[in-house]
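Order of the sequence lines sets the chain letters (A, B, ...), proteins ahead of strands, with each chain counted from 1.
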There are 2 protein chains.
Amino acid sequence: MKSKITLKELAKLLNVSVSTVSKALNDSPEISPKTAERVKELARLHNYKPNPVAVNLKKSKTGTIGVVIPNISNSFFARVLSGMEAEAQKHDQQVITYISNESLEREKQICDMLTSGFVDGVLIAVSEETQKKQEYDHLFSLVDYDIPVVVYDRINIDLPADKIGVDDENSFFDAANFFRSRGVEKIGLASAIHHVGIGKLRIRGYEKALEDTHHYLAKSSKPADLRKKIKSLFTKDKVEALLCTDFESTIMATRIAYEEKIKVPEDLKIIGYISKEVAEFLTPSLSYIEQHPQEVGSRAVDLLNNRLEGVYEPGKFREEIITTSLVHLESTRF
Amino acid sequence: MKSKITLKELAKLLNVSVSTVSKALNDSPEISPKTAERVKELARLHNYKPNPVAVNLKKSKTGTIGVVIPNISNSFFARVLSGMEAEAQKHDQQVITYISNESLEREKQICDMLTSGFVDGVLIAVSEETQKKQEYDHLFSLVDYDIPVVVYDRINIDLPADKIGVDDENSFFDAANFFRSRGVEKIGLASAIHHVGIGKLRIRGYEKALEDTHHYLAKSSKPADLRKKIKSLFTKDKVEALLCTDFESTIMATRIAYEEKIKVPEDLKIIGYISKEVAEFLTPSLSYIEQHPQEVGSRAVDLLNNRLEGVYEPGKFREEIITTSLVHLESTRF
DNA sequence: CTGAAAGCGCTTACAG
DNA sequence: CTGAAAGCGCTTACAG
């Protein structure tokens with residue numbers, strides 16, 4: 001039960017002033033080596049640690065960064081968070097997590113909190129609802145309060161902030177071209193997120209790669225509807241390859257193939273946007289787009305810190321893109 | 001660019017003292033309704049929000065709780081975190097997230113940080129390595145520093161702290177008995193986590209239910225080895241049902257069944273410890289143990305807050321258990 | 001009902 | 001080299 005010792009108590013025990021103790025512990029050159037050593041020794045003995053709240057108040061900062069996550073069950077975001085936490089550690093920053101659950105209302109509440117000064121900066125991926133309704137006032141209010149914001153992953157939003165994203169469009173451009181190069185003709189796409197930014201980009205990549213051929217699209221945010229459409233791609237259109245923009249459509253596609261006794265990869269190749277963890281264990285294992293979430297996370301923290309430290313010119317914002325890679329497992333075996 | 005206004009500035013604008021402003025904003029009965037209204041109006045106009053760092057310093061608390069998570073990619077923990085965040089919100093607390101990556105070393109670093117006073121309390125699920133090596137000194141040092149600790153999920157550890165767990169043993173006791181009641185004779189178990197606490201408990205539940213019959217066990221923390229053992233259960237022992245204690249063994253089992261052309265559920269029933277999200281999408285969909293992670297999370301925060309508020313008697317600790325439920329999907333269809 | 005003062009635990013110009 | 005003082009932005013006994 002060593003209740004925390006303070007500078008003042010330390011000072012009294014040493015018969016010196018609080019300022020001296022503080023300076024000694026902060027390695028100020030003003031202090032004589034002798035007293036410095038005396039102070040440090042006693043501090044060590046008592047296991048002294050400065051009260052971070054007091055230090056932060058003095059320094060007018062919080063030592064903390066706020067992360068807004070739309071959906072933590074999505075393992076992409078979970079890994080991004082992990083990358084952020086690791087990077088923040090290196091800078092002795094604490095990560096405060098807020099989960100919006102893809103809700104605009106919740107996101108507003110969170111931003112409102114954040115304007116009170118709980119954090120030095122904010123990393124945010126905006127919720128689906130926010131994107132759909134295009135209501136960004138709460139985000140602008142962060143900016144108004146001079147709280148630096150870094151937008152990650154879902155970056156196609158018009159906000160004066162640094163951004164770190166993933167090359168969604170290119171990933172599917174490349175994936176579609178991969179199939180073409182192998183002579184596949186009927187290449188389909190399934191999407192449950194066609195209405196949100198990243199979904200649109202992935203679809204655009206697919207369409208650009210296949211400008212000159214027929215597009216086979218199954219798009220719907222309603223599971224039953226999507227299922228019907230994917231099934232139709234398989235049984236009526238008889239696509240030979242399928243790109244899936246998200247977890248739901250990917251898993252649904254493998255599922256429907258199984259039910260319809262379509263052999264993967266013999267009769268149907270699939271590439272999906274799912275995590276390595278799940279991809280490797282599916283039956284058959286599923287080729288996927290690796291988004292390097294940890295890197296997205298650590299870069300996001302980096303951008304924020306550079307911004308906080310004034311490395312970047314005020315008013316001019318960065319936009320960085322992490323390059324994805326296509327990982328081939330069994331579902332694209334030729 | 002409304003840089004934050006302070007109490008002092010507000011006071012000057014109103015020609016009253018700082019104390020008056022503070023009291024007015026905190027609805028102190030000492031203040032006349034008239035001035036209270038004046039103060040509040042100006043505060044609203046300037047969008048005044050008290051600086052939380054200053055408030056916390058004054059109140060000698062941080063308004064923050066630290067959550068240590070072994071592995072955020074595990075969707076169980078991701079959901080637990082979500083439950084914690086939701087509950088913390090209700091109490092205006094911020095959640096600071098630390099990820100140990102199942103590493104003892106990292107966990108020590110984190111605990112060391114935490115003793116500096118970044119948080120009012122800690123919620124922790126200890127890392128696998130910590131459990132294996134049984135090194136708990138860093139956790140005891142939290143307790144020594146009078147930082148309340150709540151241990152969640154991995155609770156079979158001897159620490160003076162409140163605990164919130166899941167009825168691991170019972171879940172598999174019930175699951176095994178479910179199969180028996182349906183006349184299944186050869187019931188196997190696969191585990192990649194047999195060496196850690198929750199794994200042991202689940203296995204014990206299985207063994208208790210089947211005390212009088214033969215046990216078919218496939219246990220290994222090495223993937224290749226586990227795979228061989230599961231395969232042997234299927235092809236040599238010809239088990240008719242399998243309980244899997246974790247994500248890895250569950251997915252591996254479905255995978256091996258597929259490769260060996262064993263029909264699920266016709267020739268083999270499976271129950272696994274995986275998340276609803278994955279279970280529902282597997283082929284066939286997989287019956288699973290629902291652990292109610294969000295509830296674990298929110299109860300953990302509750303326990304901590306009751307402890308902080310002195311609701312519980314000092315020195316006497318709570319241990320709560322969340323009851324799991326067995327969710328039947330296709331893999332246990334009779 | 002209002003305000004001056006002390007203090008939460010630090011840091012840092014400034015004086016000596 | 002050391003210390004007294006001011007101050008970060010609040011809250012809250014205490015006096016008037």
Checklist entry - What interatomic distance, in whole Å, is found between P of D:dG7 and the corresponding atom of C:dA4? => result 16 Å
Show which side-chain atoms of residues 32-39 of chain A pair as donor or acceptor with protein atoms under 3.5 Å away, not counting sequence neighbours.
residue : atom : partner : partner atom : Å
A:S32   : OG   : A:T35   : N            : 3.2
A:S32   : OG   : A:T35   : OG1          : 2.6
A:T35   : OG1  : A:S32   : O            : 3.2
A:R38   : NH2  : A:L14   : O            : 2.8

Next on the checklist: Does A:S28 reach a base, just sugar-phosphate, or nothing at all? Heavy atoms under 4.0 Å.
Outcome noted: nothing
Checklist entry - Is it true that atom CD of A:E41 has more than 12 heavy atoms of other residues, nucleotides or ligands lying nearer than 6.0 Å? => result no
Checklist entry - Taking atom C1' of C:dT2 as reference, at what distance in whole Å does atom CZ of B:R38 sit? => result 12 Å
Checklist outcome for this item: Looking only at D:dT2, C:dG3, C:dT2, the nucleotide nearest the A:S32 side chain is D:dT2
Item to check | 4.5 Å side-chain heavy-atom contact, B:I96 and B:T62 | outcome: no
Next on the checklist: Students often get this wrong, so: under 4.0 angstrom with heavy atoms, is B:P33 touching a base, only sugar-phosphate, or nothing?
Outcome noted: sugar-phosphate
Checklist entry - When the distance from CD of B:E37 to C1' of C:dC1 is rounded to whole Å, what number comes out? => result 17 Å
Checklist entry - C:dT2 C1' sits how many Å from B:L10 CG, rounded? => result 16 Å
Checklist entry - Given side chains that start at C-beta, do those of A:R307 and A:L303 come closer than 4.5 Å, heavy atoms only? => result no
Next on the checklist: Measuring only between side-chain heavy atoms, which start at C-beta, is A:L7 closer than 4.5 Å to A:Y48?
Outcome noted: yes
Checklist outcome for this item: Test side-chain hydrogen bond (donor to acceptor under 3.5 Å, both in side chains), reference B:R299, set B:E87, B:E320, B:Q294, output is B:E320
Checklist entry - Applying the side chain to side chain contact (heavy atoms under 4.5 Å, CB included) test to A:S100, which of A:I110, A:I124, A:N71 qualifies? => result A:I110
Next on the checklist: Can you build the contact string for nucleotides 6-12 of chain C? Use B for base contact, S for sugar-phosphate-only contact, and - for no protein heavy atom under 4.0 Å.
Outcome noted: -BBBBBB
Checklist outcome for this item: To the nearest 0.5 Å, atom CD of B:E309 lies from atom NE2 of B:H91 at 7.5 Å
Checklist entry - Which stems does DNA chain D form, counting runs of 3 or more consecutive Watson-Crick or G-U wobble pairs with both distances under 3.5 Å? => result C:1-3 with D:14-16, C:5-12 with D:5-12, C:14-16 with D:1-3
